[in-house]
Every structure is written in structure tokens, then in C-alpha cells.
Amino acid sequence: MKRRSRSLVIALVVVVALAAYNLTFPAGKSATSNWTFVLTHPTLLLHVIVGTGILVMAVIALIRSVRGRDRPWMALSVAGLVFVLAAFVSGEDYVMSLHKSALNYMSIGWAGAVIAYGTGWYLGHRWECREGR
């Protein structure tokens, strides 16, 4: 649990760092032109790739928690996946529409995912300390 949570938190920090500086999309363009801009901009492309990787990692974390029957981790995995999906969908919505509200929803999704997986990281560390590992 601790290792998966730590990986997701680190990946979430990386994904926000890739798009943290002020990027300006060309105004008045179509959604297709916006996606072309994203796919040709190196850091935005990496942002999309890392974000997709986070989505895959979140699904895998949920599947493993269900298979391991670890109820606290299942709850954190479900919450984390919901927030990751919200950020992912909001990011796609932003590229399509360039509405600033989509950026706000993406930020909320990111923060929620960091909190969910950060809690898993903390609890995993605490459990290891109690077990003497």
C-alpha cells in the first residue's frame, strides 16, 4: 500500500509540474487545433502521457486492493480513482473548450487524489512502523 501510494503521489506532483507554468493556447481555434497544440507542445504532451499513466496506475491500485481485500485501501483507491478521473475528464474538457472552470475542476481532482493517495502513503508508513519493518 505504501509503495503504490507513494508512486501515485510522486506522479501527481510530476504531472502538475509539467503544466505549472503559464501556457497560452491559441485563441479562437477549434478543439482539433487545441489538441494539435497539446500534442506538439513537449511539456503538455508529457503532461497528458503522465496523466494517462496515473489513470492506469489508479485503476491497478484499485484492482489490487480489491483482490487483497484491504478495505481501508479499497476506500482510498476508490476515492483516488474518482478524483483522478475528475481531473482527467476536466483536462480533456479544458482542451476542448478552454473554459477556466475546467482548470478549477482539474485542480480539485488533483488535490483530492493527492490527499487520498497521500493518506494511503501515511497509513502505510504508520503500519510499517507499528510492525517494526
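Sequence positions, counted from 1, serve as the residue numbers for this chain.
Inspection of the Ser33 and Ser30 side chains reveals an N or O donor paired with an N or O acceptor under 3.5 Å. Defined by atom type and a distance below 3.5 Å, a donor-acceptor pair is missing between the side-chain atoms of Ser101 and His99.
Side-chain contact between Lys100 and Leu103 is present, with heavy atoms from C-beta onward closer than 4.5 Å. Counting heavy atoms from C-beta on, the side chains of Asp70 and Met74 never come closer than 4.5 Å. Inter-residue side-chain proximity for Ile54 and Val50 is flagged as met; some heavy-atom pair is nearer than 4.5 Å. Residues Val15 and Trp110 meet the side-chain proximity criterion, which asks for heavy atoms closer than 4.5 Å. Counting heavy atoms from C-beta on, the side chains of His41 and Leu23 come closer than 4.5 Å.
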Given side-chain contact (heavy atoms from CB on, under 4.5 Å), test Trp35 with Met96 step by step and report yes or no. CA-CA 8 Å; Trp35 273 111; Met96 299 291 283; 3.2 Å; yes
Check: Hey, mind stepping through Val84 and Val59 against side-chain contact (heavy atoms from CB on, under 4.5 Å) and telling me if it holds?
Finding: CA-CA 10 Å; Val84 167; Val59 170; over 6 Å; no
Subject >> Leu62/Val66 under side-chain contact (heavy atoms from CB on, under 4.5 Å): CA gap, chis, key distance, verdict >> reply: CA-CA 6 Å; Leu62 178 59; Val66 169; 4.1 Å; yes
Give the C-alpha distance, both sets of side-chain angles, the deciding distance and a yes or no for side-chain contact (heavy atoms from CB on, under 4.5 Å) between Thr119 and Ile115. CA-CA 6 Å; Thr119 302; Ile115 291 169; 4.2 Å; yes
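The structure places OG of Ser77 at 11.5 Å from CE of Met57, a figure rounded to the nearest 0.5 Å. Atom OG of Ser7 sits about 11.0 Å away from atom CD1 of Ile60, to the nearest 0.5 Å. Separating the CG atom in Leu98 from the NZ atom in Lys29 is a distance of 12.0 Å, to the nearest 0.5 Å. Taken from CG in Leu44 to CD1 in Ile49, the straight-line distance is 11.0 Å, to the nearest 0.5 Å. Atom CG of residue Leu76 and atom OG of residue Ser65 lie 9.0 Å apart, to the nearest 0.5 angstrom.
Ala113 and Gly80 get closest at one heavy-atom pair: CB-O, 4.1 Å. The two residues Ser90 and Ala86 make their nearest non-hydrogen contact at OG-O, 2.7 Å. The minimum heavy-atom distance between Tyr117 and Leu8, with the atom names listed, is CE2-CD1, 3.5 Å. The shortest non-hydrogen separation linking Phe37 to Thr24 is CZ-O, 3.7 Å. Nearest heavy-atom pair across Trp73 and Ala61 is NE1-O, 3.7 Å.
Placement of Leu81 and Trp121 within a single hydrophobic cluster is found when ILVMFWY residues are connected by side-chain heavy-atom separations under 4.5 Å, directly or transitively. Linking ILVMFWY residues whenever their side-chain heavy atoms come closer than 4.5 Å, directly or via other members, leaves Val95 and Tyr105 in distinct clusters. Linking ILVMFWY residues whenever their side-chain heavy atoms come closer than 4.5 Å, directly or via other members, leaves Val13 and Phe83 in distinct clusters. The hydrophobic cluster containing Ile63 also contains Phe88, counting ILVMFWY residues as joined when their side-chain heavy atoms lie under 4.5 angstrom apart, directly or transitively.
Side-chain N or O atoms of His47 include none that pairs as donor or acceptor with a backbone N or O of Leu18 at under 3.5 Å.
The environment of Arg64 atom CZ is sparse: at most 12 non-hydrogen atoms of other residues, nucleotides or ligands sit within 6.0 angstrom.
Ring centers of Phe25 and Tyr94: under 6.0 Å apart, within the cut-off.
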